[in-house]
Each structure stands twice: as C-alpha cells, then as structure tokens.
Number of protein chains: 2
Amino acid sequence: MINQTLRDMLQSHGLKATFQRLTILEYLMTHETHPTAEMIHDNLPSISLATIYNTLDKLVDVGIVIVIDTLKDDKRHYDYYGEPHYHIINSNTSEIIDADNFDVTQLFEAARQASGLNITGFHIEVYGVGPNQAK
Amino acid sequence: MINQTLRDMLQSHGLKATFQRLTILEYLMTHETHPTAEMIHDNLPSISLATIYNTLDKLVDVGIVIVIDTLKDDKRHYDYYGEPHYHIINSNTSEIIDADNFDVTQLFEAARQASGLNITGFHIEVYGVGPNQAK
DNA sequence: CCCTCTTTTAGAATTATTCTAATTTAGTTA
DNA sequence: TAACTAAATTAGAATAATTCTAAAAGAGGG
C-alpha cells in the first residue's frame, strides 16, 4: 500500500522517500482523525517519536499537512491537506469537521489589498456549538 | 487610565475587575504587538506570570482576546479582539497584520450548511510573502 | 463592615516538543 | 552493483512554555 504515488508526492517536494515518511504520510491520508504526534506514534510504534515529529515538520513545511493547534488539549493536531479546505470546530466537543464549500478568492484579494503581500495560503477555523449546546 | 469602561468590559462578562485584569486588558488594548505572556510580564513585571496566564485564559474564554499560536517561535501570542478581524502573517518575518476588510457572512453560512452547528466565531489566518521574498 | 468566593502569587511540577550525537539509509555516481 | 555522501533516523536527555499547588489577599454583595 506504500506505492509510487506516495513516493512521488514526497520526491516532488524534495523529500527523500524513506519508509518512515511513506508510512506516516499514508497513515495521515487514510485517517481523518486529526491525530497528534503521540497518537500517530501509538499507531505506528516502530517509528520513533522523534522521527514522527521530524516528519510532520517536513510535511508541514512543504504544505502536504497542516497543523491545528487551537484545541483545548494543548497538543498539535495534524491534518493531511490534499485539497484546500477549512475547519469547523465544535467548541464543546473539540470535534473537527473538514469542509471545502467556501471560495477563498475574495479573502485572498482582501488580504492582498490590506497587506501588499503575495498571498500563499490560508488557515480558517470556524467555531460552532450543537443545537442543544450552550456557548 | 484604568477607567470605568474597562471595568464594565470585564464585569459584563462576569469577570471581577481586579487591578491585574484591568492593567493587562489596558496593555493589550493599547499595544498592537500581539505579545506573548512573557512579553506582557516583561512590561508589567509587578504582575506575576501565573496571573498573566490566568487572566489571558479568562479573556480568551469570554472572547475579549484571541490567541495566535501558529508562529514559528512556538509561543502563544495574544491579541485584543475589540472588533472582529482576521490576521495576515508574513511567512518570512512572522509579522502579523490585523485586517478587517472581509465579510465573513458567506463563510458562516457555508460552515452552518456543512456542519449543522450554530456558528459562534471564526479565526482566519492568511499567509503571504513580501514582493522580493521566496516562499 | 463583614463574609465568602474568587483571584493572586511564588515556586514547583508537568509534559509536549526539541536537541544531541551516534547509526543507518536513500539516492546518486562510478 | 558497489561505493559514497548528505540526509534521515533513533534513544534518550534536555528544554521551556504552561499548568498546578496551596497559602494569602482582595472584590463585591448584603
């Protein structure tokens, strides 16, 4: 299941296709659990925790993975970022929903106008509560 | 300079108006530096670091302040949130620009549709690089 | 002016993450 | 295919931002 596509994904970003990286990337692609480094380590115990941190850093650097570090557990959560999307977080349960039904074009243009920067990416979190949940 | 308005801001959110809270809140309102707890402590050394953390937690809980914890320094930065706004971050310098020229109505509606939650807030970060800066 | 609950505080404790330095490996070149 | 080299992996130690503890002080209601 560690196939050529994954190799290409890594190598096209200038990353060597090591067994550990392929395994971690595959894990992220096949799990929508927004895991922490420790959660990944629990599931892939043969890979050292240091390597899991190193690998996640690299994957974040090249944009394959993004970080969610606003949850109440004070741990970094990681999310495979195959397609641009945003996050909806239930403030009561910390459940994270991936969603992509929003066009960021206007946001990018507004940001460009406000800053003069060349816009390269975004991270959007929207918070909500369930029907019967207080804020 | 610690006035009734600040007292009201705290009390209307159910927070006692202590000297420390008034001082920290005033500091945040008059500085656009997105400081860390330690930076605030350096500027208000008579307030213990524990109280600065406690106070920031409370201010975040009630929505007066928001957290930016995506910077490379791995420290939490705090931002007075008087008016809803979003953040533009220069990926090369970590400079943070506050901006409010974007209407979140469509985003909220998209999020409501995708999740079924009652949307209560948002946090948007847009990343960019300067004209002569590489990604 | 009390009274009670909340807040503040110094310092200790925690723990997620980073660092270190020795070993192994991927990918290239001969 | 073998050899080479820069990069990656690893176990364990180290770091440091944040949280916790328990005692003292303060806010605000009655």
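Keep in mind that what you see is a predicted model, and the values were worked out from it rather than measured. So that the names make sense, note that chain A is the first sequence line, chain B the second, and so on, each numbered from 1.
Using a 4.0 Å cut-off, some side-chain N or O of A:K58 falls inside it from OP1 or OP2 of D:dA8.
The shortest distance between side-chain heavy atoms of A:L28 and A:I40 falls below 4.5 Å.
Under a 3.5 Å cut-off, the side chain of A:H87 and the backbone N or O of A:I96 do not form any donor-acceptor pair. When atom types are taken as modelled, the side chain of B:H85 and the backbone of B:Y81 share no donor-acceptor pair closer than 3.5 angstrom. At least one donor-acceptor pair closer than 3.5 Å links the side chain of A:T120 to the backbone N or O of B:Y127. The closest donor-acceptor contact from the side chain of B:R21 to the backbone of B:K16 lies under 3.5 Å.
Nearer to the 5' terminus of DNA chain D, by closest-nucleotide assignment, is the contact made by A:A50 (compared with the other of B:A37 and A:A50). When each of B:D74 and B:S48 is assigned the nucleotide of DNA chain C with its nearest heavy atom, B:S48 is the one assigned upstream, toward the 5' end.
Nucleotides of DNA chain C with any atom under 4.0 Å from a heavy atom of chain B span, from 5' to 3', C:dC5 to C:dT18.
Ring pair A:H123/B:H123: centre-to-centre distance not below 6.0 Å.
Summarising the geometry, atom OG1 belonging to B:T36 is positioned 12.0 Å from atom CD1 belonging to B:I68; distances are rounded to the nearest 0.5 Å.
Each end of the helix from C:dC1-D:dG30 to C:dA30-D:dT1 gets its own axis, taken as the rotation carrying the C1' atoms of four end pairs onto the next four within a five-pair window, and the two axes meet at 50° to the nearest 10 degrees.
Taking all atoms of both residues into account, the shortest heavy-atom contact from B:T51 to B:I24 is O-CD1, 4.4 Å.
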When you compare the protein's N or O atoms with those of nucleotides 26-28 of chain D, which come within less than 3.5 Å of each other, and at what distance?
residue, atom, partner, partner atom, Å
D:dA27, N3, B:K16, NZ, 3.4
D:dG28, OP1, B:Q11, NE2, 2.8
D:dG28, OP1, B:A17, N, 3.0

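Around CD of A:Q113, the count of heavy atoms belonging to other residues, nucleotides or ligands within 6.0 Å exceeds 12. Dense packing is recorded around CD of B:E109, with more than 12 heavy atoms of other residues, nucleotides or ligands lying under 6.0 Å away.
Among the atoms of the strands shown, base atoms are found under 4.0 Å from some heavy atom of B:N54.
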